[in-house]
Amino acid sequence: TKAYELDFSAKDIDAMIEGSKDKLIKAAGISEKDNEEFKQTKNELTKTKRELTKQKEENAALAEQLTAEKNNRINTTKRDLIHKALVKNNAIKPDMFVDMFVDKVIVDNDGKTMNMKDAVGNDISIEDAISDWAKDNPELIKQNVTGGMNTGSNGNSGDNNNGGVSDFM
């Protein structure tokens with residue numbers, strides 16, 4: 001079978017295709033020089049397309065890395081702010097409660113402003129939200145107990161007749 005003067009039963013099909021292509025180019029009036037320039041331009045285009053694809057892949061990888069770094073920075077900042085607020089409000093073991101609040105922090109698009117919602121749904125600072133939580137959960141807050149008058153570090157009153165150090169000497 002022959003189509004466009006191609007013999008598909010030929011032993012070396014590639015050589016036959018190249019020969020037919022050369023005949024078509026000559027028939028179209030394209031000189032050998034034009035053909036070489038066309039091949040060179042086509043090769044440059046192919047090379048440029050490969051470079052563009054590679055650059056796009058690198059840019060996508062960099063964008064992904066930047067997003068991951070931004071998310072890590074935001075999460076670290078959220079955790080730090082929550083931890084500081086818990087410590088300020090005297091939470092018992094503040095490290096244990098950080099995870100409880102992390103997902104409740106709302107971050108704006110630029111990643112710089114962080115808030116939480118109060119019971120009504122209004123935006124409030126992380127510190128205010130933790131303070132409200134501390135008021136609602138006094139059993140999870142260290143109570144600052146100060147000694148009364150005439151109390152030593154061992155809690156004894158000023159009475160020296162209770163087996164203190166003076167009896168020992």
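Small disclaimer: the values here were computed from a predicted structure and weren't measured. Residues take their numbers from the sequence shown, with the count starting at 1.
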Please round to the nearest 0.5 Å and tell me the distance separating atom OG1 of Thr53 and atom NZ of Lys49. 9.0 Å

Any Leu81 side-chain heavy atom under 4.5 Å of Met114 side chain: yes

Find out if a path of hydrophobic residues (ILVMFWY) with successive side-chain heavy-atom gaps under 4.5 Å connects Val102 to Ile106. no

Looking at residues at least two apart in the chain, or sitting in another chain, which of them share a side chain to side chain contact (heavy atoms under 4.5 Å, CB included) with Asn59? Gln55

Who passes side chain to side chain contact (heavy atoms under 4.5 Å, CB included) against Asp80, sequence neighbours left out? Thr76

What's the separation between atom CD1 in Ile130 and atom CE in Met116, rounded to the nearest 0.5 Å? 5.0 Å

Qualifying salt bridge (Lys or Arg N to Asp or Glu O under 4.0 Å) pairs with a residue from residues 101-114, counting only residues at least two apart or across chains: none

Can you tell me which residue pairs pass the salt bridge (Lys or Arg N to Asp or Glu O under 4.0 Å) test with a partner in residues 51-60, sequence neighbours excluded? none

Inter-residue atom distance Asn115.CG - Asn122.CG, 0.5 Å rounding: 11.0 Å

Kindly indicate, with the supporting measurements, whether the criterion side-chain contact (heavy atoms from CB on, under 4.5 Å) is fulfilled by Asp123 and Asp118. CA-CA 7 Å; Asp123 286 343; Asp118 64 7; over 6 Å; no

With a 3.5 Å distance limit and no angle check, can you tell me whether Asn75 reaches the backbone of Asn71 through a side-chain donor-acceptor pair? yes

Side chain to side chain donor-acceptor pair (under 3.5 Å): pairs with one or both residues in residues 82-92, sequence neighbours excluded: His83-Asp95, Lys88-Glu127

At what distance, to the nearest 0.5 angstrom, does CE of Met100 lie from CH2 of Trp133? 4.5 Å

To the nearest 0.5 angstrom, please state how far the CE atom of Met96 sits from the CG atom of Leu86. 11.5 Å

Are Leu140 and Phe101 connected in a single hydrophobic cluster, I mean Ile/Leu/Val/Met/Phe/Trp/Tyr linked by side-chain heavy atoms less than 4.5 Å apart? yes

Considering all heavy atoms, the nearest Gly121-Lys117 contact: O-CD, 3.2 Å

Considering only heavy atoms from C-beta outward, does the side chain of Ile126 approach that of Val105 to under 4.5 Å? yes

Are Asn43 and Thr46 close enough, and set up right, to give a side chain to side chain donor-acceptor pair (under 3.5 Å), and what steps lead you there? CA-CA 5 Å; Asn43 288 341; Thr46 303; 5.3 Å; no

Is there side-chain contact between Ile141 and Ile92, with at least one heavy-atom pair below 4.5 Å? no

Would you list the pairs meeting salt bridge (Lys or Arg N to Asp or Glu O under 4.0 Å) in which at least one residue belongs to residues 62-73, sequence neighbours left out? none

